[in-house]
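Remember, it's a predicted structure, so these values are computed and weren't measured experimentally. Numbers restart at 1 for each chain; the letters A, B, ... are given by sequence-line order, proteins then strands.
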Protein chains: 2
Amino acid sequence: MPVAPPRPKDLPLTALRAFEAAARLGGFAAAAQELGVTPGAITAHIKQLEHSLGAPLFARTPRGVRLTTLGQQALPNFTHAFDALGTAIGDLRAAAAPRTVHIATLPAIAQLWLSPRLPALRVAAPDITISITALEQPPNLKRSPYDLSLFFDDTPQGRLAPDVIFPVCAPALAARLNGPQDISRFPCLSDATWSEDWALWAQSLPDPPAIARGPTFSLYALAVEETVNGAGLLIGHESLVSGHLADGRLVAPFASRVTLPRGLRLWSDRPLRPGSAARLIADWLRRAPLASPSPPVTQGACKPPPPTAPAP
Amino acid sequence: MPVAPPRPKDLPLTALRAFEAAARLGGFAAAAQELGVTPGAITAHIKQLEHSLGAPLFARTPRGVRLTTLGQQALPNFTHAFDALGTAIGDLRAAAAPRTVHIATLPAIAQLWLSPRLPALRVAAPDITISITALEQPPNLKRSPYDLSLFFDDTPQGRLAPDVIFPVCAPALAARLNGPQDISRFPCLSDATWSEDWALWAQSLPDPPAIARGPTFSLYALAVEETVNGAGLLIGHESLVSGHLADGRLVAPFASRVTLPRGLRLWSDRPLRPGSAARLIADWLRRAPLASPSPPVTQGACKPPPPTAPAP
DNA sequence: TGGCAGCCTTAATTTTTCTGACCCTAGATT
DNA sequence: AATCTAGGGTCAGAAAAATTAAGGCTGCCA
């Protein structure tokens with residue numbers, strides 16, 4: 001029985017984090033995604049934890065896992081502890097790089113909404129470094145190294161704009177349209193993550209036209225480019241295409257617009273101290289000045305509806 | 001710019017724990033000891049952390065490290081967060097094994113104080129499993145998997161007994177002693193971690209005798225055994241040798257006793273819920289019934305007092 | 001019913017982390 | 001001054017963790 005060598009290692013931190021994520025999210029796969037590891041790693045961690053505790057934390061069912069009573073008891077404590085750790089990390093990051101702001105957003109938003117505003121933002125806050133990370137899903141801000149999230153969702157708090165959708169196309173193509181029923185004669189481009197867009201819009205019409213399915217894009221910005229090039233019609237999200245409408249690269253050929261229950265939302269899960277860089281950037285983005293001083297459009301269409309340009 | 005692969009790994013937990021320990025304990029070596037890793041691992045972790053933050057957390061000096069302002073700001077948050085995590089772990093352990101108590105103690109205390117009480121304790125609490133780990137240093141209970149600590153220290157709260165020291169020896173050897181001055185004629189055994197014992201005791205005498213240095217033991221219990229076998233005189237700690245005195249294996253040949261400012265202390269850094277196994281064991285140990293119904297003992301003079309064999 | 005997709009598990013390989021033995025520096029000791 | 005000691009830092013090799021890829025099980029859907 002040696003006294004020096006045996007190190008009384010406590011429960012491993014990484015395994016506990018895996019447990020907390022799996023318990024909170026209700027599955028190993030979801031936990032793996034949040035933690036940026038593979039499901040196999042989560043399996044191994046939970047198993048190690050259960051072995052060292054001598055009791056199961058999850059009940060394995062054919063369709064995923066379920067927390068045992070023991071796991072249910074433990075979860076709130078760990079969630080609280082890891083939240084505290086996340087806050088400490090955030091504060092440390094902020095203190096180490098006080099003039100840097102990390103923003104997480106959708107690729108489409110990054111390219112079509114954020115990017116056009118960056119030049120003016122750089123002028124407005126020249127000493128602040130802005131780092132933008134494109135993600136498909138909003139991250140858990142309490143656990144991720146981002147200060148702000150900018151995504152579409154249905155929470156009204158912090159909303160920058162509602163999500164208003166309507167068809168858009170290149171001016172040349174619009175000239176060949178006489179009404180919504182003509183849609184079926186042209187390809188309808190769609191985005192993989194917003195595949196319902198066309199149906200949602202069409203339902204709002206008294207006489208829903210047939211939609212000719214066109215190419216699907218995994219990057220909305222790419223679909224926008226293709227539309228500019230005349231590849232067909234695309235459902236435009238007002239927040240994302242207003243720049244293209246403003247300078248005439250795209251037009252909205254029909255008057256019918258649908259406002260979805262979700263909206264473009266900017267938020268933070270940490271308190272933003274007044275005067276902090278993240279607060280400054282968030283405030284500036286909420287005022288959302290789209291720099292382009294271009295004239296409100298152009299429109300070309302059969303029945304040119306309300307000129308599409310919003311006034312700042 | 002791939003969107004799927006890049007995993008936005010946050011600050012690594014293990015590195016943060018290393019930082020917290022190093023900052024709290026004031027050095028990488030101390031942190032390494034608490035975490036049960038080598039200093040080299042701490043160095044690497046801190047370096048990784050500082051690299052990913054882009055700012056130093058410690059200022060390296062030739063004699064150790066010093067926290068930077070950044071590090072000082074961050075420390076309290078992390079200490080709090082890891083404390084919360086430690087509490088969560090403790091609760092989880094307790095819930096998973098509700099009738100198990102883990103005690104950390106000195107090897108000497110484990111063998112000479114705790115061990116004799118275990119049989120009665122098992123009778124008193126037959127459903128509780130008691131696990132004893134011998135450590136040279138009291139662990140940080142907020143971070144270690146122990147419910148109770150039992151060590152000598154100078155905090156009065158939770159003290160079970162003062163640390164009273166006085167020479168002890170085998171009865172046969174005591175017969176050859178006529179007074180403290182005879183000490184110099186026999187080897188004086190000592191324990192490596194309590195090397196000052198002899199000096200402390202000798203200073204209390206009006207005419208301090210010379211101490212003939214004898215063998216040094218790294219295990220006090222071994223020194224006690226050797227003393228029983230007649231190898232010489234040893235400074236007895238009352239808490240640890242009362243059993244041997246009670247049954248006559250050892251005697252205290254001199255009346256002079258020194259009470260040190262420290263004492264035997266049982267404590268926990270977590271709240272012990274009433275009715276929990278740890279609370280039951282702690283309460284029982286405080287009542288400290290030493291099973292042997294032997295008479296209170298002895299106190300010695302130069303002429304060996306009690307005959308050597310009482311029977312339990 | 002048969003294919004398909006979701007979810008967890010497992011085994012073998014690769015990557016990351018830790019160790020162990022060494023060096024370096026500067027204050028304390030002789 | 002020379003030596004000792006108590007920190008940290010460094011690097012090759014060993015141990016541990018994550019990945020990749022394959023596999024089982026179930027329910028959904030055509």
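- Between the CD atom of A:Gln33 and the C1' atom of C:dG6 there is a distance of 14 Å, rounded to whole Å.
- D:dG7 atom P lies 14 Å from atom CZ of B:Phe58, rounded to whole Å.
- The stretch residues 42-54 of chain A touches DNA chain D through A:His45, each having a heavy atom under 4.0 angstrom from the strand.
- In this structure, the side-chain contact (heavy atoms from CB on, under 4.5 Å) partners of B:Arg265, at least two apart in sequence or on a different chain, are B:Asp153, B:Thr155, B:Trp267.
- Two residues are said to be in side-chain contact when any heavy atoms from C-beta on lie closer than 4.5 Å; A:Leu135 and A:Tyr146 meet this criterion.
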Salt bridge (charged side-chain N to carboxylate O under 4.0 Å, His left out) evaluation trace for B:Lys142 with B:Glu20
CA-CA 13 Å; B:Lys142 287 180 178 167; B:Glu20 193 273 339; over 6 Å; no
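- A:Arg66 places its CZ atom 15 Å from the C1' atom of C:dC7, with the value rounded to the nearest Å.
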Letter by letter from the 5' end, nucleotides 23-29 of chain C scores (B base, S sugar-phosphate only, - none; protein heavy atoms under 4.0 Å) ---SS--
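- B:Thr129 meets the side-chain contact (heavy atoms from CB on, under 4.5 Å) test with B:Thr100; sequence neighbours excluded.
- Distance CZ (B:Arg17) to C1' (C:dC18): 13 Å, rounded to an integer number of Å.
- The A:Phe28 side chain lies nearest to C:dC8 when the options are D:dA18, D:dG9, C:dC8.
- Taking a cutoff of 4.0 Å between a charged side-chain nitrogen and a carboxylate oxygen, A:Glu196 and A:Arg262 do not qualify as a salt bridge.
- The ring pair (Phe, Tyr, Trp, His ring centres under 6.0 Å) analysis of residues 72-104 of chain A, with sequence neighbours excluded, yields the pairs A:Phe19-A:Phe78.
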What side-chain donor-acceptor pairs closer than 3.5 Å can you find for residues 28-42 of chain B, not counting sequence neighbours?
residue	atom	partner	partner atom	Å
B:Glu34	OE1	B:Arg24	NH1	3.4
B:Glu34	OE2	B:Arg24	NH2	2.8

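- For B:Arg99, the CZ atom counts as densely surrounded, since its 6.0 Å shell holds more than 12 non-hydrogen atoms of other residues, nucleotides or ligands.
- Ranking D:dG8, C:dC18, D:dT19 by closeness to the A:Ala41 side chain, first place goes to D:dT19.
- Atom CG in A:Leu219 sits 10.0 Å away from atom CG in A:Leu112 (nearest 0.5 Å).
- In this entry the distance linking CG of A:Leu13 with P of D:dA17 reads 13 Å, nearest Å.
- Remark: A:Thr38 is in phosphate contact with D:dT19, judged by side-chain N or O atoms under 4.0 Å from OP1 or OP2.
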